[in-house]
**Student:** 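Provided herewith is a single structure, encoded as structure tokens, for subsequent inquiry.
Quick caveat, the model's predicted, so the values are computed rather than measured. Lettering follows sequence order; numbering is per chain, from 1.
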2 protein chains.
Amino acid sequence: MRKGEQTRTLILNEAVALASQLGLEGLSIGSLAERLDMSKSGLFAHFGSKEDLQLLTLKRAQTLFFDEVLSPALKHARGLPRLRALFSNWLGWVKRNDDLPGGCLMLAASVEYDDRPGAVRDLLVAGQRELRGAVAKAIRIAIDEGHLEPHTDPWQLTFELFGIVLATHHDFRLLGDARALERAGEALERLLEAHRAAAPRA
Amino acid sequence: MRKGEQTRTLILNEAVALASQLGLEGLSIGSLAERLDMSKSGLFAHFGSKEDLQLLTLKRAQTLFFDEVLSPALKHARGLPRLRALFSNWLGWVKRNDDLPGGCLMLAASVEYDDRPGAVRDLLVAGQRELRGAVAKAIRIAIDEGHLEPHTDPWQLTFELFGIVLATHHDFRLLGDARALERAGEALERLLEAHRAAAPRA
DNA sequence: CATACCCTAGTACGAACGTTCGTTAATCGC
DNA sequence: GCGATTAACGAACGTTCGTACTAGGGTATG
């Protein structure tokens with residue numbers, strides 16, 4: 001890897017951490033440079049504009065998410081086990097503090113850009129659509145496997161799962177309530193129980 | 001009412017709208033003054049500092065919320081009717097566009113300040129605690145009335161209700177998905193059904 | 001080892017930020 | 001209606017913002 005490319009990666013990693021605390025808009029080139037012991041201009045040269053930096057920062061966070069939440073879940077058995085793994089990984093992502101000290105960046109950016117049209121918002125929407133699709137697919141597979149009852153609506157269940165994660169994030173981050181994780185687990189179980197197939201096919 | 005007091009109210013109303021779009025941090029005194037055809041210094045004189053403006057803006061939004069969501073719900077019959085009214089009002093708050101063009105200000109501020117200690121965060125936490133307490137109380141009443149089964153955990157149910165609202169806000173605001181409101185209704189029904197008392201006492 | 005390129009730092013810019021100042025104009029209580 | 005109080009203004013403060021330049025040193029390739 002070229003020198004520039006590796007410092008660029010270094011910059012983006014720090015940018016993800018900083019943006020998770022200050023938001024994508026609050027993330028400033030000056031403070032980012034200071035954190036990395038670089039000059040503002042030297043850092044800026046890596047990105048043509050601030051929007052580029054924001055987009056690449058968001059993309060980096062999305063990649064991290066898919067690598068650490070979605071991808072590992074695919075290693076688990078199709079159906080409920082995979083769905084549970086996905087949920088568990090997701091909660092792990094929510095509470096991770098090392099490279100996301102301010103909580104999920106996509107979530108923060110969603111609130112920030114939900115009424116600000118542009119490339120950032122488009123990227124957020126695309127990522128969210130991809131995530132929803134993946135969850136819904138996992139649910140559909142669980143139905144096919146006979147783990148969930150056939151009448152289960154994958155999109156509705158995805159919606160409710162997402163709600164649990166959002167509430168967990170909120171309680172864990174703002175209120176500092178660690179019990180939110182147990183609450184999330186309980187909510188998941190009740191949700192799955194309500195849609196559990198009467199008699200497993202296999 | 002004194003002259004200063006009424007322009008102050010005018011300022012705060014506009015501040016709530018602007019902050020709902022740009023966040024409490026993104027809300028700048030200059031742009032706010034421009035919107036109101038005032039001078040920056042004239043506006044600033046009403047508040048000793050930007051943090052004061054932020055705090056008063058947030059308080060105004062909280063008052064609006066309690067007046068339009070919680071308070072009207074108390075007029076409905078104790079138990080499930082009141083709980084449903086509360087939820088319905090809440091969804092109405094989420095989708096209102098006139099004075100909250102950028103979505104719920106408390107929610108935006110929560111994401112912005114969840115990792116920024118200070119007076120703003122404290123106010124947010126206090127408001128959230130009050131809200132949670134009110135919802136949990138409504139649930140407890142519904143249990144006492146025999147509408148929900150006695151083993152229902154009010155805090156757990158409050159948590160899950162909150163999750164549904166959060167997911168609705170997200171889908172409605174970021175994805176522009178109006179079906180989120182129907183999804184929320186369906187999720188509420190499933191949740192209430194799971195906790196419904198077998199035989200109503202009254 | 002030499003050369004070409006790629007980084008990075010330095011400097012400067014106009015604009016916007018929150019804040020303070022002194023002053024004028026409007027409003028209030030008597 | 002007069003005098004005291006309050007509301008609003010315009011200008012300027014120092015700082016930080018994102019963004020252009022110009023050089024010079026480090027790195028990788030021939």
**Student:** In whole Å, I'd like the distance from the CZ atom of Arg35(B) to the P atom of dA16(C).
**Tutor:**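 Whole-Å distance recorded here is 16 Å.
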**Student:** How many Å lie between CD on Gln54(A) and C1' on dC17(D), as a whole number?
**Tutor:** 13 Å
**Student:** Rounded to the Å, how far apart are Ile11(B) CD1 and dA7(D) P?
**Tutor:**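 That distance rounds to 11 Å.
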**Student:** Does a side-chain N or O of His46(A) approach OP1 or OP2 of dT8(C) to a distance below 4.0 Å, or not?
**Tutor:**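 Answer is yes, contact under 4.0 Å.
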**Student:** Between the protein and nucleotides 18-21 of chain C, are there any N/O to N/O pairs under 3.5 Å, and if so, what are the atom names and distances?
**Tutor:**
| residue | atom | partner | partner atom | Å |
| --- | --- | --- | --- | --- |
| dG18(C) | OP1 | Lys50(B) | NZ | 2.9 |
| dG18(C) | OP2 | Ile29(B) | N | 3.2 |
| dG18(C) | N7 | Lys40(B) | NZ | 3.1 |
| dG18(C) | O6 | Lys40(B) | NZ | 3.4 |
| dT19(C) | OP2 | Lys50(B) | N | 2.7 |

**Student:** With the threshold set at 4.0 Å, does a side-chain nitrogen-carboxylate oxygen contact exist between Arg190(A) and Glu160(B)?
**Tutor:** yes
**Student:** How long is the line joining CE of Met38(B) and P of dA26(C), in whole Å?
**Tutor:**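 Going from Met38(B) (CE) to dA26(C) (P), I get 15 Å.
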**Student:** Step by step, would you call Trp155(B) with Arg179(A) a side-chain contact (heavy atoms from CB on, under 4.5 Å)?
**Tutor:** CA-CA 11 Å; Trp155(B) 296 106; Arg179(A) 281 174 304 176; over 6 Å; no
**Student:** dC6(C) C1' sits how many Å from Gln6(A) CD, rounded?
**Tutor:**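 Computing the Gln6(A):CD to dC6(C):C1' distance gives 13 Å.
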**Student:** When you compare the side chains of Gln128(B) and Arg132(B), does any donor N or O come within less than 3.5 Å of an acceptor on the partner?
**Tutor:** yes
**Student:** Distance check needed: dA20(D) P versus Leu43(A) CG, whole Å only.
**Tutor:** 15 Å
**Student:** Charged N to carboxylate O below 4.0 Å: is that the case for Asp114(A) and Arg116(A)?
**Tutor:** no
**Student:** From CG of Asp52(A) over to C1' of dA20(D), roughly how many Å is that when rounded to an integer?
**Tutor:**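 Those two atoms, CG and C1', are 16 Å apart.
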**Student:** Any side-chain heavy atom of Leu64(A) within less than 4.5 Å of one from Glu68(A)?
**Tutor:** yes
**Student:** Under 4.0 Å between a side-chain nitrogen and a carboxylate oxygen: does that hold for Arg96(B) and Asp98(B)?
**Tutor:**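 The answer is yes: the pair qualifies as a salt bridge.
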**Student:** In whole angstroms, how far is the C1' atom of dT8(C) from the CG atom of Asp37(A)?
**Tutor:** 14 Å
**Student:** For a quick check of understanding: with a heavy-atom distance under 4.0 Å over all strands, which category does Ala45(A) fall into, base, sugar-phosphate or nothing?
**Tutor:** base
